Amino acid sequence: MRRAAPLAFVLLLLAPAVARADFKDWSFTLTPLYAISYIDSRTAQGGGGAVAVDFGLTDALSLQASSSLTWQPVGASKTAGQGTLAAYTAMVGLHYVIDVIRLQPSFDLALGAVGFRGSADFGDPAGKVLKPLDTFAVALGFAVDWLVTRHVAVGAEVRYHILLTALDEVPMHLYVGPRVTFTVGN
């Protein structure tokens with residue numbers, strides 16, 4: 001009997017529940033992040049933060065608006081000086097959650113804008129570090145969350161931005177970090 005109790009507890013944790021995660025619910029996600037970007041021939045690494053707001057369309061699919069700000073020190077090149085790059089993203093897309101157990105993987109596909117400036121205050125109009133760049137982008141994301149309660153989840157995410165109109169200037173902008181999500185609604 002003593003051996004059956006831990007097994008029953010584990011089976012209870014892994015048992016599928018009724019999927020009703022986000023239909024008409026609002027979710028707010030905060031992510032402190034590490035970012036890396038390849039700018040011309042330079043690699044910029046730094047940090048920042050991201051926020052996402054989701055509205056549940058079905059029990060597994062939600063409409064998501066997200067944004068991030070990052071600051072990344074970058075060295076000099078033959079044609080540009082060193083400094084701190086400031087980058088932003090503003091995206092709208094779909095967020096799909098596999099809602100079966102407390103451990104929930106999810107995927108994002110979004111469209112929007114990504115921009116870079118050559119100073120931490122989004123200045124540098126002369127382009128000494130980097131000429132100002134605003135571009136159309138597609139974002140692909142993956143996250144894994146652990147439901148602490150029905151309304152709070154913690155996890156980690158990675159998001160890759162493909163800059164469609166400036167792929168030769170910025171072939172990669174990626175961020176990764178821990179996250180916390182708060183859900184309100186039903």
Side-chain angles (χ1 to χ4, degrees), residues 16-37 44-72 84-117 120-123 132-166 170 172-186:
V18 176
R20 57 176 190 88
D22 290 323
F23 180 63
K24 293 187 180 180
D25 285 356
W26 289 89
S27 295
F28 304 91
T29 302
L30 302 172
T31 306
L33 55 90
Y34 161 79
I36 183 169
S37 302
Q45 301 179 55
V51 62
V53 177
D54 290 69
F55 176 72
L57 301 174
T58 69
D59 61 348
L61 189 66
S62 61
L63 181 63
Q64 182 182 76
S66 63
S67 184
S68 69
L69 292 174
T70 60
W71 293 270
Q72 304 162 316
T84 298
L85 295 179
Y88 73 87
T89 65
M91 312 297 282
V92 175
L94 295 174
H95 180 83
Y96 179 75
V97 177
I98 300 172
D99 182 21
V100 179
I101 57 176
R102 286 189 152 201
L103 188 64
Q104 295 183 331
S106 63
F107 305 92
D108 300 335
L109 176 63
L111 299 171
V114 175
F116 292 89
R117 299 295 186 273
D121 64 356
F122 284 86
L133 177 65
D134 297 297
T135 182
F136 183 68
V138 172
L140 304 172
F142 174 74
V144 175
D145 290 316
W146 175 261
L147 293 177
V148 178
T149 70
R150 158 106 170 79
H151 299 287
V152 178
V154 294
E157 75 175 290
V158 61
R159 184 173 273 208
Y160 179 71
H161 297 88
I162 304 163
L163 284 62
L164 298 175
T165 56
V170 184
M172 185 182 90
H173 178 64
L174 176 126
Y175 69 71
V176 62
R179 66 190 232 153
V180 61
T181 301
F182 303 98
T183 301
V184 294
N186 299 336

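Residues take their numbers from the sequence shown, with the count starting at 1. Since we're looking at a predicted model, the values are computed, not measured.
- The NE2 atom of His173 lies 12.5 Å from the CD1 atom of Ile162; values are rounded to the nearest 0.5 Å.
- Scanning all heavy atoms of the two residues, the minimum distance from Thr70 to Ala35 falls at CG2-CB, 3.6 Å.
- Annotation: salt bridge (charged side-chain N to carboxylate O under 4.0 Å, His left out) contacts involving residues 153-165, sequence neighbours excluded, comprise Asp108-Arg159, Glu157-Arg179.
- Across all their heavy atoms, Leu164 and Thr135 have their closest contact at N-OG1, 4.5 Å.
- Contact record, Gly49 with Leu33: C-CD2, 3.6 Å, taken as the closest heavy-atom pair.
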side-chain contact (heavy atoms from CB on, under 4.5 Å) assessment of Val53 paired with Trp26: CA-CA 7 Å; Val53 177; Trp26 289 89; 3.8 Å; yes

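- Residues satisfying the side-chain contact (heavy atoms from CB on, under 4.5 Å) criterion with Ala113, sequence neighbours excluded, are Tyr88.
- A distance of 3.5 Å separates CD in Gln45 from OH in Tyr34, rounded to the nearest 0.5 Å.
- Residues Leu109 and Val138 form a side-chain contact, since some pair of their non-hydrogen atoms from C-beta on lies under 4.5 Å apart.
- Taking both residues in full, the closest heavy atoms of Asp145 and Gly155 are given as OD1-CA, 3.5 Å, listed atom of the first, atom of the second, then distance.
- Within the model, atoms CG of Leu30 and OG1 of Thr181 stand 8.0 Å from one another, a figure rounded to the nearest 0.5 Å.
- The side-chain heavy atoms of Val158 and Tyr160, taken from C-beta on, include no pair separated by under 4.5 Å.
- Proximity of a side-chain donor or acceptor of Thr89 to a complementary backbone N or O of Ser68 within less than 3.5 Å is detected.
- Contact detail for Phe136 and Thr165: the closest heavy-atom pair is N-OG1, 3.2 Å.
- Note: Phe182 CZ to Asp25 CG = 15.0 Å, rounded to the nearest 0.5 Å.
- Under the side-chain hydrogen bond (donor to acceptor under 3.5 Å, both in side chains) criterion, Arg117 pairs with Asp134, sequence neighbours left out.
- In this structure, the separation between CZ on Phe107 and NE2 on His95 is 10.0 Å, given to the nearest 0.5 Å.
- No donor-acceptor distance shorter than 3.5 angstrom exists from the side chain of Ser62 to the backbone of Gln64, with no hydrogens or angles considered.
- The two residues His161 and Tyr175 come nearest to each other via the heavy atoms CE1-CE2, 3.5 Å.
- Of the inter-residue distances, the one linking Ser67 atom OG with Met91 atom CE reads 10.0 Å to the nearest 0.5 angstrom.
- The main-chain N or O of Gly177 is never found under 3.5 Å from a side-chain atom of Thr31 such that the two would form a donor-acceptor pair.
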